[in-house]
Amino acid sequence: MSTKPSLSELTLDVNGEAVSGQVEGRTSLADFLRDDLDLTGTHLGCEHGVCGACTVEMDGQPVRACITLARACEGRSVRTIEGGDDDPVMAALQEAFMQFHGLQCGFCTPGMLVACRDIILRHRTLSDERIRIALGGNICRCTGYVGIVNAVRSVFERRDQLLADATEPTAPPEEPAWEGTPFRPFKRRAGQMTAVTAPPSDGDDDDQTLRESITVRKPADEVWAFLSDVERVVPCVPGARLLSVNGNELEVEMEVSLGAIRARFRGNGRFHFDDQTRKGRMEGEGRDARSGSSASGAMDFAVIADDGDQRCRIEFVASYSVTGPLSQFSRGGLVKSFVGAMARMFADNVQTVLSGGQVSEGGGAGLSVVRLTLNVIKSWFQSLFRRE
């Protein structure tokens with residue numbers, strides 16, 4: 001017997017206007033923009049967050065609309081290519097693309113323009129090589145990028161004058177990590193989380209909600225006492241370093257190395273622990289000054305006694321968001337595999353500390369793609385042998 005999928009009410013700002021609608025749990029932002037709002041300038045290519053054709057702005061930062069869930073955008077501000085008419089940088093880019101022949105078939109062009117605008121505003125200096133590297137997440141199959149690079153360079157050279165002529169206000173000064181002259185008509189609301197995800201409804205998981213369970217061979221009370229001590233537990237997280245703690249707030253730095261991509265997120269978080277139920281919640285947001293990307297999320301966890309109180313399980317439910325240039329690496333399946341590997345690395349570090357050992361600063365090592373991949377492969381083999 002078939003059942004109708006559950007619908008969620010959605011209200012957000014699109015191109016300066018408040019819009020609302022009902023969406024299924026797995027409706028992407030791209031599908032909502034195209035099918036519900038008839039904003040077909042947002043193109044769908046790979047639908048895996050790789051090609052960049054669907055790139056739009058959310059709260060002033062580029063995101064992949066095809067892998068961003070629509071229901072996670074409640075209350076957010078989105079600007080599509082159709083909303084760029086009053087933006088001087090976007091207008092200059094469109095003219096430059098025509099002047100330097102930066103488009104042929106035009107399929108990649110809307111997402112390319114959004115990405116190019118971000119590149120121009122984010123960098124203090126731009127060489128042709130840096131432009132090509134920054135455009136690595138936007139695929140053009142026609143032009144060879146020569147005209148696109150020339151167009152971006154030509155607009156960058158007159159960026160300051162374009163911004164001086166703009167009438168819209170610039171971003172607030174409390175975001176010093178933003179490189180270059182900020183020009184973001186859609187502001188982040190002060191004091192609010194920036195997570196792009198929403199909690200799953202009706203027990204269904206989405207591609208940006210992660211569930212993981214790890215086993216630790218220690219009594220639940222001992223593990224809980226450890227997890228509720230942030231100064232001891234944060235160093236067990238791969239790549240993380242605790243900078244300061246003030247009440248229930250903390251400042252953390254996390255370094256990630258994924259091949260040629262290196263990012264160092266620094267941000268603030270909050271935590272709450274319930275000793276009676278052995279449950280806790282942590283949430284926070286951070287920014288990589290080098291790439292201009294932001295990451296945010298929240299995690300609920302519980303410690304559950306198991307096997308005669310001689311071991312326990314730690315159950316995690318986490319939601320996350322990555323916006324900006326690094327968002328192309330936030331595809332759900334890939335991230336879930338790596339998060340599972342991170343959880344096992346974290347469990348190993350917890351077990352080591354509780355057994356009297358030590359882990360070095362940053363969870364024993366920087367968070368690298370090689371280390372994560374080895375853990376993913378190890379878990380796949382373990383799962384295979386368990387099935388047999």
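The residues of the chain are indexed from 1 along the displayed sequence. This is a predicted model, so every value here is computed, not measured.
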Under 3.5 Å donor-acceptor, N349 side chain and C236 backbone: yes

Find the distance between CG (L29) and CG (L12) and round it off to the nearest 0.5 Å. 7.5 Å

Could you tell me which non-hydrogen atom of L135 sits nearest to which non-hydrogen atom of A115, and how far apart they are? CD2-CB, 4.5 Å

Hey, quick one: are V353 and V303 part of the same hydrophobic cluster, counting side-chain heavy atoms closer than 4.5 Å, chains of contacts allowed? yes

Any carboxylate oxygen within less than 4.0 angstrom of a Lys/Arg side-chain nitrogen, looking at D87 and R117? yes

Testing D13, V14, T11 for side-chain contact (heavy atoms from CB on, under 4.5 Å) with V19, which one passes? V14

Is the shortest side-chain heavy-atom distance between V245 and V230 below 4.5 Å? yes

What is the distance from atom CG of L126 to atom CD1 of I131, rounded to the nearest 0.5 Å? 5.0 Å

Walk me through it: do V63 and V56 pass the test side-chain contact (heavy atoms from CB on, under 4.5 Å)? CA-CA 6 Å; V63 299; V56 298; 3.8 Å; yes

All ring pair (Phe, Tyr, Trp, His ring centres under 6.0 Å) counterparts of F271, not counting sequence neighbours: F273

All side chain to side chain donor-acceptor pair (under 3.5 Å) counterparts of T80, not counting sequence neighbours: N15, E82

Just wondering, do V252 and L243 contact through their side chains at under 4.5 Å, heavy atoms? no

Can you see which heavy atom on M282 is nearest to which on F301, and at what distance? CG-CE2, 4.0 Å

Closer than 3.5 angstrom, by distance alone: can the side chain of Y145 be matched with the main-chain N or O of C140 as a donor-acceptor pair? yes

Is there a chain of hydrophobic side chains (I, L, V, M, F, W, Y, each step under 4.5 Å between heavy atoms) that links M112 to L44? no

Atom NE2 in H43, atom CZ in F107: separation rounded to 0.5 Å? 6.0 Å

Under the salt bridge (charged side-chain N to carboxylate O under 4.0 Å, His left out) definition, can you give me all pairs with a residue in residues 146-158, not counting sequence neighbours? D128-R153

Nearest atoms (heavy-atom pairs only) where C312 meets A305: CB-CA, 4.2 Å

Please give me the minimum heavy-atom distance between A70 and F32, naming the atom from each residue. CB-CB, 4.0 Å

Applying side chain to side chain donor-acceptor pair (under 3.5 Å) to R266 and not counting sequence neighbours gives E251

If I compare all heavy atoms of L10 with all of R71, which pair ends up nearest, and what's the gap? CD1-CA, 4.3 Å

Take atom CD in E9; do more than 12 heavy atoms of anything else shown fall under 6.0 Å from it? yes

Indicate the atoms forming the closest heavy-atom contact of C73 with T68, along with that distance. SG-CG2, 3.7 Å

Beyond-backbone contact of I314 with L227, side-chain heavy atoms, under 4.5 angstrom: yes

Determine yes or no for a side-chain-to-main-chain donor-acceptor pair under 3.5 angstrom, with D306 supplying the side chain and R313 the backbone. no

For residues 90-104, dump all side-chain donor-acceptor pairs below 3.5 Å to protein atoms at least two apart in sequence or in another chain.
from: Q104; atom 1: NE2; to: C142; atom 2: O; distance (Å): 3.3

Calculate, to the nearest 0.5 Å, the distance between atoms CG and CG belonging to D31 and L37 respectively. 11.5 Å

State, yes or no, whether a side-chain contact exists between V223 and R311 at a heavy-atom distance under 4.5 Å. no

Measuring from atom CZ of F316 to atom OG of S213, what distance do you get when rounded to the nearest 0.5 angstrom? 8.5 Å

Go through E57 and D118 one step at a time and tell me if the side-chain contact (heavy atoms from CB on, under 4.5 Å) criterion holds. CA-CA 9 Å; E57 280 187 12; D118 172 69; 6.0 Å; no

Can you find a pair of side-chain heavy atoms, one from C66 and one from H48, that are under 4.5 Å apart? no

Regarding D59 and R76, does a basic nitrogen lie under 4.0 Å from an acidic carboxylate oxygen? yes

According to the side chain to side chain donor-acceptor pair (under 3.5 Å) rule, which pairs have a member within residues 221-234, sequence neighbours left out? D221-R278, W224-D275

Taking the side chain as every heavy atom from C-beta outward, state whether L250 and V234 have any atom pair closer than 4.5 Å. yes

Using a strict 4.0 Å threshold on nitrogen-to-oxygen distance, state whether E249 and R270 make a salt bridge. no

Would you confirm whether S154, through its side chain, and A151, through its main-chain N or O, come within 3.5 Å as a donor-acceptor pair? yes

Using a 4.5 Å cut-off on heavy atoms from C-beta on, say whether the side chain of M254 contacts that of R241. no

When rounded to the nearest 0.5 angstrom, what distance separates CZ in R141 from SG in C108? 9.0 Å

Taking the side chain as every heavy atom from C-beta outward, state whether S28 and I67 have any pair of such atoms under 4.5 Å apart. no

Under a 4.0 Å N-O cut-off, is there an ion pair linking D300 with R281? yes

